[in-house]
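Below: the structure, in structure tokens.
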Amino acid sequence: FYVLAFVIFGLSIFFSCWTHYNRKSKVVRAAQPLFLHIICLGTFIMAATIITLGIDDSIATEHGCSIACRLNPWFLSVGFVCAFSSIFGKEWRINRIFHNPSMRRITVSAKDVLIPCFILLGLNVLVLA
């Protein structure tokens, strides 16, 4: 179990560093580096679920197992919301640009796209709490 988690941790960090290193290239700028970093963060958090799923009473106390069990839905759902709300935000941005009835040039800032991401994350935390 743990090997898979550490492979995912490593790949998330690698791709985040790669995105940062290549942030000025045309392809990465078109893919919106901020959202690529958020996707990497989401996959990193989701991989932490693998670690908590591997904890049992042979390696931790009953209290430790209880904490690990309670962390599972948090890691999984917060990581999922980070990754997929970022993808949703990118799609919303593209949809907003291409379905512009006035055919004028419009600017959709990262702030405009991050607001729905934070709303989804807030709703997620509200449901989990």
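Scope of the values below: all heavy atoms of this structure, side chains included, with no hydrogens, waters or symmetry mates.
- For Arg70, the side-chain contact (heavy atoms from CB on, under 4.5 Å) test picks out Ser66, Ile67, with sequence neighbours left out.
- With sequence neighbours excluded, the residues forming a side-chain contact (heavy atoms from CB on, under 4.5 Å) with Cys65 are Ile55, Asp57, Ala60, listed by chain and number.
- Rounded to the nearest 0.5 Å, atoms CH2 (Trp18) and OG (Ser25) are 6.0 Å apart.
- Annotation: ring-ring contact (aromatic ring centres under 6.0 Å, His included) contacts of Phe15 (sequence neighbours excluded): none.
- The two residues Ile51 and Ala5 make their nearest non-hydrogen contact at CD1-CB, 3.6 Å.
- Cluster note: Leu123 groups with Ile115, Ile119 through ILVMFWY side-chain heavy atoms spaced under 4.5 Å, whether in direct contact or through intervening members.
- Through ILVMFWY side-chain contacts below 4.5 Å, Leu53 is grouped with nothing and stands alone.
- Both Val125 and Leu128 belong to a single network of hydrophobic side chains, linked directly or stepwise wherever heavy atoms of I, L, V, M, F, W or Y lie under 4.5 Å apart.
- Considering only heavy atoms from C-beta on, Ile87 stays 4.5 Å or farther from Phe35 through its side chain.
- Hydrophobic cluster membership is shared by Ile13 and Tyr2, with clusters built from Ile, Leu, Val, Met, Phe, Trp and Tyr side chains linked at under 4.5 angstrom.
- Applying the side-chain hydrogen bond (donor to acceptor under 3.5 Å, both in side chains) test to Asn22 and every residue at least two apart in sequence or in another chain returns nothing.
- Contact detail for Lys24 and Arg29: the closest heavy-atom pair is O-NE, 3.3 Å.
- The side-chain hydrogen bond (donor to acceptor under 3.5 Å, both in side chains) test applied to Thr52 returns Asn72, not counting sequence neighbours.
- Note that CG of Leu4 and CZ of Phe9 are 10.0 Å apart. Values are rounded to the nearest 0.5 Å.
- Listed by first and then second residue, the side chain to side chain donor-acceptor pair (under 3.5 Å) pairs involving residues 80-89 amount to none (not counting sequence neighbours).
- Checked against ring-ring contact (aromatic ring centres under 6.0 Å, His included), Phe80 has the following partners two or more places apart in sequence or in another chain: Phe84.
- To the nearest 0.5 Å, the span separating NZ on Lys90 from CG on Leu34 amounts to 10.0 Å.
- No side-chain heavy atom of Cys117 sits under 4.5 Å from any side-chain heavy atom of Ile38.
- Partners of Ser58 by side-chain hydrogen bond (donor to acceptor under 3.5 Å, both in side chains), not counting sequence neighbours, listed by chain and number: Asp56.
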Quick one: side chains of residues 40-50, donor-acceptor pairs under 3.5 Å with protein atoms, not counting sequence neighbours, listed by atom name and distance.
residue	atom	partner	partner atom	Å
Thr43	OG1	Ser12	OG	2.8
Thr43	OG1	Ile39	O	3.4
Thr43	OG1	Cys40	O	2.8
Thr49	OG1	Met46	O	3.1
Thr49	OG1	Leu76	N	3.2

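- Residue pairs meeting the ring pair (Phe, Tyr, Trp, His ring centres under 6.0 Å) criterion with at least one partner in residues 56-76, sequence neighbours excluded, are absent.
- At a threshold of 4.5 Å between side-chain heavy atoms, the hydrophobic network of Ile, Leu, Val, Met, Phe, Trp and Tyr places Phe88 and Val78 in one connected group.
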